[in-house]
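The structure under discussion appears below in the form of structure tokens.
Any value given below was found using the heavy atoms of this structure, including those in side chains, with hydrogens, waters and symmetry copies removed. Since we're looking at a predicted model, the values are computed, not measured.
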2 protein chains.
Amino acid sequence: MNKEQLLKKLGSRIRIIRIEKGMTQGELANSIGKDQQSIQRLESGRVNPSVFYLHEIALGLDVELKDLFHI
Amino acid sequence: MNKEQLLKKLGSRIRIIRIEKGMTQGELANSIGKDQQSIQRLESGRVNPSVFYLHEIALGLDVELKDLFHI
DNA sequence: ATGGGGCACAACAGATTTGTTGTCTTTTAA
DNA sequence: TTAAAAGACAACAAATCTGTTGTGCCCCAT
């Protein structure tokens with residue numbers, strides 16, 4: 001799996017979890033002190049996020065960090 | 001869990017897996033085109049690594065990416 | 001038709017990671 | 001004891017992330 005594929009899969013997984021939880025990008029962002037554009041960039045796979053950033057995302061989604069990587 | 005704790009735990013877990021596999025920092029590094037100092041910095045928890053970097057680490061350790069996060 | 005909510009993309013500055021080189025200490029083996 | 005291997009830390013440049021602002025599109029309700 002190359003870098004682009006990995007980031008797109010990760011972004012898609014996060015988006016799916018967010019929608020399952022009934023949250024908007026803005027709501028997820030606000031819950032962890034970020035803004036909508038940052039979440040959008042992540043879900044679209046345009047960045048290679050850091051572990052701690054994903055840790056915060058997991059908190060906002062109320063899932064375990066490792067659950068973001070079932071990809 | 002704060003940032004510092006997370007990164008230290010992640011680094012420790014990677015170190016444990018590496019040693020279980022009988023690899024040195026240099027061997028892990030070489031197997032994925034990095035160098036020893038980069039692995040050392042990761043295992044000591046002094047950096048907040050990117051997802052793709054950890055993906056490469058997982059390849060070098062022959063484990064799944066999600067396995068690095070059982071912390 | 002107008003306005004608001006949700007989402008997408010670009011660009012900027014500042015902060016941070018990553019690759020790299022250099023050096024040092026500790027451990028292991030001869 | 002000596003040398004080599006393994007690991008630790010610092011600092012630099014280049015690349016990249018992250019926070020932020022600005023903007024635009026689409027859908028839906030008023």
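- What separates CD of A:Gln25 from P of D:dT18 is a distance of 16 Å, to the nearest Å.
- B:Gln40 and B:Gln25 form no side-chain donor-acceptor contact under 3.5 Å, judged by distance and modelled atom types alone.
- Among residue pairs with one or both ends in residues 48-58 of chain B, those qualifying as salt bridge (Lys or Arg N to Asp or Glu O under 4.0 Å) are B:Lys34-B:Glu56; sequence neighbours excluded.
- At whole-Å resolution of the value, CD in A:Glu27 and P in C:dG6 are 6 Å apart.
- Going from atom CG of A:Asn30 over to atom P of D:dT20 covers 12 Å, rounded to whole Å.
- Interatomic distance, A:Asn2 CG to A:Gln5 CD, rounded to the nearest 0.5 Å: 4.0 Å.
- Across the protein-nucleic acid pair, A:Ile19 atom CD1 and C:dC7 atom P stand 7 Å apart, rounded to whole Å.
- A:Ile32 places its CD1 atom 12 Å from the C1' atom of D:dT18, with the value rounded to the nearest Å.
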Nucleotide-resolved protein contact map, nucleotides 14-30 of chain C, B/S/- at heavy-atom distance under 4.0 Å: ---SBBBBB--------
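- Over its length, the helix from C:dA1-D:dT30 to C:dA30-D:dT1 turns its helix axis by 40°, as judged from the five terminal pairs at each end, rounded to 10°.
- For the pair B:Arg13 (side chain) and B:Asp67 (backbone), a donor-acceptor distance under 3.5 Å is present.
- When rounded to the nearest whole Å, the span between NZ of B:Lys8 and P of D:dA8 equals 11 Å.
- Atom CD in A:Gln40 sits roughly 13 Å away from atom C1' in D:dT23 (whole-Å rounding).
- From B:Glu64, atom CD reaches atom CZ of B:Phe69 across 12.5 Å, with rounding to the nearest 0.5 Å.
- The side chain to side chain contact (heavy atoms under 4.5 Å, CB included) test with B:Val51 singles out one residue from A:Leu68, A:Leu54, A:Val47, and that residue is A:Leu54.
- Phosphate proximity of C:dG6 to A:Arg15: absent, as no side-chain N or O sits under 4.0 Å from OP1 or OP2.
- Looking at B:Ser38, its side chain never comes within 3.5 Å of a backbone N or O of B:Asp35 through a donor-acceptor pair.
- Salt bridge absent: A:Arg18 and A:Glu27 never bring a charged side-chain N and a carboxylate O closer than 4.0 Å.
- Judged purely by atom type and a 3.5 angstrom limit, A:Asn48 has no side-chain atom pairing as donor or acceptor with the backbone of B:Ser50.
- At whole-Å resolution of the value, CD1 in A:Ile39 and C1' in C:dC9 are 16 Å apart.
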